[in-house]
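Heads up: the structure comes next, in structure tokens.
Being a predicted model, the structure only gives us computed values, none of them experimental.
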Amino acid sequence: MILGSVHVGFSMASANQLATELNSKYGWTTDSEKALNQALVGSSIVVGLSCGALCGAKVIPIGRRKTMLIFNVMGVFGVAMCMVENLFMLLLGRIIYGFAVGVESVAMPRFLDEVVPLRIYDLCIGLYVVGINVGYVFALDSAVLLPPDEQVQE
């Protein structure tokens, strides 16, 4: 339950954290090139999240648990696509990951509504929201834990 909500927070916060590294890795030098590509990278996951949340209600009838399993696997493929050092694959992977997380953000509360006893439902929804914030903070603070990249030129 909480891991599903951590995805939501992580995807929302990880939009523009790698601007300097991406400029160096992809060789973006001019200000207009940097601005355009950073905007594309940052907004791609938000587009996916929005589309996934809008489509979530149409997908849920196949079953909330099955929906979450299918879209977790889809999210893994989206993240794997981001590992390819190609701008198109990065954007497509972020859109797919965002879409999967958007569907999950709709399916998880409905799943909790079905399986959690009413006496602890409020607690579980609260934990779901805490998980979103944990993912958000983790995405923002994760760069502190990583070793410096020798290729990045500031």
Side-chain angles (χ1 to χ4, degrees), residues 1-26 28 34-60 64-116 120-149 151-152 154:
M1 168 185 68
I2 290 179
L3 287 178
S5 61
V6 169
H7 279 290
V8 177
F10 185 84
S11 63
M12 288 189 301
S14 65
N16 288 318
Q17 307 304 13
L18 301 172
T20 305
E21 288 80 6
L22 291 175
N23 291 339
S24 177
K25 294 248 185 231
Y26 290 110
W28 303 331
K34 288 177 186 179
L36 173 66
N37 290 323
Q38 288 172 9
L40 287 172
V41 170
S43 64
S44 61
I45 205 159
V46 177
V47 168
L49 278 165
S50 301
C51 292
L54 289 172
C55 295
K58 301 291 184 193
V59 179
I60 287 177
R64 275 85 166 159
R65 185 172 185 271
K66 186 185 279 186
T67 298
M68 289 187 306
L69 290 173
I70 290 169
F71 285 93
N72 272 318
V73 171
M74 179 188 273
V76 168
F77 283 117
V79 170
M81 291 173 70
C82 293
M83 300 296 168
V84 177
E85 287 193 23
N86 176 306
L87 180 61
F88 176 75
M89 291 296 283
L90 177 66
L91 295 176
L92 185 60
R94 287 174 65 91
I95 289 171
I96 290 171
Y97 175 64
F99 185 83
V101 171
V103 171
E104 288 177 32
S105 70
V106 173
M108 179 60 80
R110 298 296 302 150
F111 178 73
L112 290 176
D113 190 33
E114 288 179 353
V115 299
V116 172
I120 62 169
Y121 179 75
D122 292 339
L123 173 67
C124 290
I125 290 298
L127 288 174
Y128 179 75
V129 174
V130 167
I132 292 172
N133 292 305
V134 167
Y136 200 89
V137 169
F138 179 72
L140 294 176
D141 292 342
S142 62
V144 173
L145 303 174
L146 298 175
D149 188 354
Q151 297 176 353
V152 174
E154 296 184 33

What is the minimum heavy-atom distance between [X] and [Y], and which atoms define it?
| X | Y | answer |
| --- | --- | --- |
| E104 | M68 | OE2-O, 4.4 Å |
| G52 | V103 | O-CG2, 3.3 Å |
| A100 | G75 | CB-N, 3.6 Å |
| P109 | S105 | CD-O, 3.2 Å |
| G93 | C82 | C-SG, 3.6 Å |
| I96 | G78 | CG2-CA, 3.9 Å |

Y26: partners by ring-ring contact (aromatic ring centres under 6.0 Å, His included), with sequence neighbours left out: W28

CD (E85) with more than 12 external heavy atoms under 6.0 Å: no

Y121 atom OH, neighbour heavy-atom count above 12 within 6.0 Å: yes

Validation row: L91, L40 side chains within 4.5 angstrom (heavy atoms): yes

From CA spacing to verdict: side-chain contact (heavy atoms from CB on, under 4.5 Å), V106, L54: CA-CA 9 Å; V106 173; L54 289 172; over 6 Å; no

Say you draw a straight line from [atom1] of [X] to [atom2] of [Y]; how long is it, rounded to the nearest 0.5 Å?
| X | Y | atom1 | atom2 | value |
| --- | --- | --- | --- | --- |
| L127 | L112 | CG | CG | 9.5 Å |
| L49 | I95 | CG | CD1 | 11.0 Å |
| C124 | F111 | SG | CZ | 10.5 Å |
| I125 | M108 | CD1 | CE | 9.5 Å |
| L69 | K66 | CG | NZ | 9.5 Å |

Candidate pair V84 and L90, rule side-chain contact (heavy atoms from CB on, under 4.5 Å), full reasoning: CA-CA 7 Å; V84 177; L90 177 66; over 6 Å; no

Under the side-chain hydrogen bond (donor to acceptor under 3.5 Å, both in side chains) test, residues paired with S44 that sit two or more places apart: R94

For R110, all residues meeting salt bridge (Lys or Arg N to Asp or Glu O under 4.0 Å), sequence neighbours excluded: D113

F99/F71 under side-chain contact (heavy atoms from CB on, under 4.5 Å): CA gap, chis, key distance, verdict: CA-CA 8 Å; F99 185 83; F71 285 93; 3.6 Å; yes

